[in-house]
Amino acid sequence: MKNLLPNYFFEQDTLTIAKSLLGQHLFSWDEKAQAFIICRIIETEAYTQEDPACHAYKGPTGRAKTLFKAPGLAYVYFIYGMYHCLNVVTEPLGTGGAVLFRALEPIYNPTEQELKTNGPGRLCKALNITKATHNELPLNQINPQLYLAQGENIPAKDIVTTTRIGISVAQDYPWRFYLKDNPWVSVTEKQRKPK
DNA sequence: GTCGCGATTTGCT
DNA sequence: GCAAATCGCGACA
């Protein structure tokens, strides 16, 4: 059994957590295989309460209430009428913040079927993560569905820092992080529209 | 109550 | 390259 991430991990600021999550592992229960799929975290984005692009920006209303709960919880939201996105809640109780998981690399896959986990909507689809089944699960504790565990620590030189994808405000915040040269990265710099 | 749009992905032109 | 798919939430009436 792998070690969980320590409690202090989730007491760090959101930006630090977003970077530190790279290389850590995510255990996701596969109902069909009756086993956990294990993935390495490849790409993340940070969102904080003061950030206009964050759902918590307008306060603890609607779906954003989850963001103000205890750090380490899952925040799963439904977007574009058809996709879900997985985040982990950050910041102390009463403060809103989260880290979005944008890409994973499957490192143990009991079903041996192809898992498309390069993209926030795709990874939720591949791992059967939905708001109804996974929102507010404690990712910092072992549970039957979804949790985080220690993987490897990535040296700073292997982390690429860039701006976030798909938002219309705060587009200049360098709050997206991914593993350099990793094939699972959802969008490479080359593919991005020039400003 | 109604309107517009979003932390995306896919398929067609 | 671009638009469609499709629904929850915030803004406004």
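Nothing here was measured: the structure is a model prediction, and the numbers come from that model. Proteins come first, then strands; the chains are lettered A, B, ... in the order of their sequence lines, and each starts at number 1.
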Using a 3.5 Å cut-off on both pairing distances, which stems of three or more Watson-Crick or G-U pairs include DNA chain B?
B:1-6 with C:7-12, B:8-12 with C:1-5
Between atom [atom1] in [X] and atom [atom2] in [N], what is the gap in whole Å?
X: Asn118(A); N: dT10(B); atom1: CG; atom2: P; answer: 9 Å
X: Leu100(A); N: dG6(B); atom1: CG; atom2: P; answer: 16 Å
X: Tyr47(A); N: dG6(B); atom1: OH; atom2: P; answer: 13 Å
X: Ile165(A); N: dA7(B); atom1: CD1; atom2: P; answer: 13 Å
X: Arg176(A); N: dA7(B); atom1: CZ; atom2: P; answer: 15 Å
X: Tyr77(A); N: dC5(B); atom1: OH; atom2: C1'; answer: 14 Å
X: Glu43(A); N: dA7(B); atom1: CD; atom2: P; answer: 16 Å
X: Tyr57(A); N: dG6(B); atom1: OH; atom2: P; answer: 16 Å

Identify whether the distance between the nearest side-chain nitrogen and carboxylate oxygen of Arg164(A) and Glu45(A) falls below 4.0 Å.
no
What string of B, S and - do you get for nucleotides 5-13 of chain C 5' to 3' if you count protein non-hydrogen atoms under 4.0 Å?
BBBSSSS--
Check whether any side-chain heavy atom of Leu148(A) lies under 4.5 Å from a side-chain heavy atom of Phe27(A), and answer yes or no.
no
Taking dC5(B) as the reference, what is the distance to dA3(C) when you measure between their C1' atoms (whole Å, please)?
15 Å
P atom, dG4(B) versus dA4(C): distance in rounded Å?
16 Å
Sub-3.5 Å donor-acceptor pair from the side chain of [X] to the main-chain atoms of [Y], do we have one?
X: Thr117(A); Y: Leu123(A); value: no
X: Asn143(A); Y: Pro138(A); value: yes
X: Gln34(A); Y: Asp30(A); value: no
X: His25(A); Y: Cys39(A); value: no

Can you tell me if the side-chain N/O atoms of Arg102(A) get under 4.0 Å from OP1 or OP2 in dT8(B)?
yes
Return the CG to CH2 distance between Leu115(A) and Trp184(A), rounded to the nearest 0.5 Å.
7.0 Å
Separation of Phe36(A) CZ from Gln145(A) CD (nearest 0.5 Å):
8.5 Å
On DNA chain B, more 5' by nearest nucleotide between Lys125(A) and Leu86(A) is Leu86(A)
Side-chain donor-acceptor pairs under 3.5 Å in residues 66-80 of chain A, sequence neighbours left out?
from: Thr66(A); atom 1: OG1; to: Glu136(A); atom 2: OE2; distance (Å): 2.6
from: Lys69(A); atom 1: NZ; to: Glu136(A); atom 2: OE1; distance (Å): 3.2
from: Lys69(A); atom 1: NZ; to: Glu136(A); atom 2: OE2; distance (Å): 3.3
from: Tyr75(A); atom 1: OH; to: His55(A); atom 2: ND1; distance (Å): 2.7

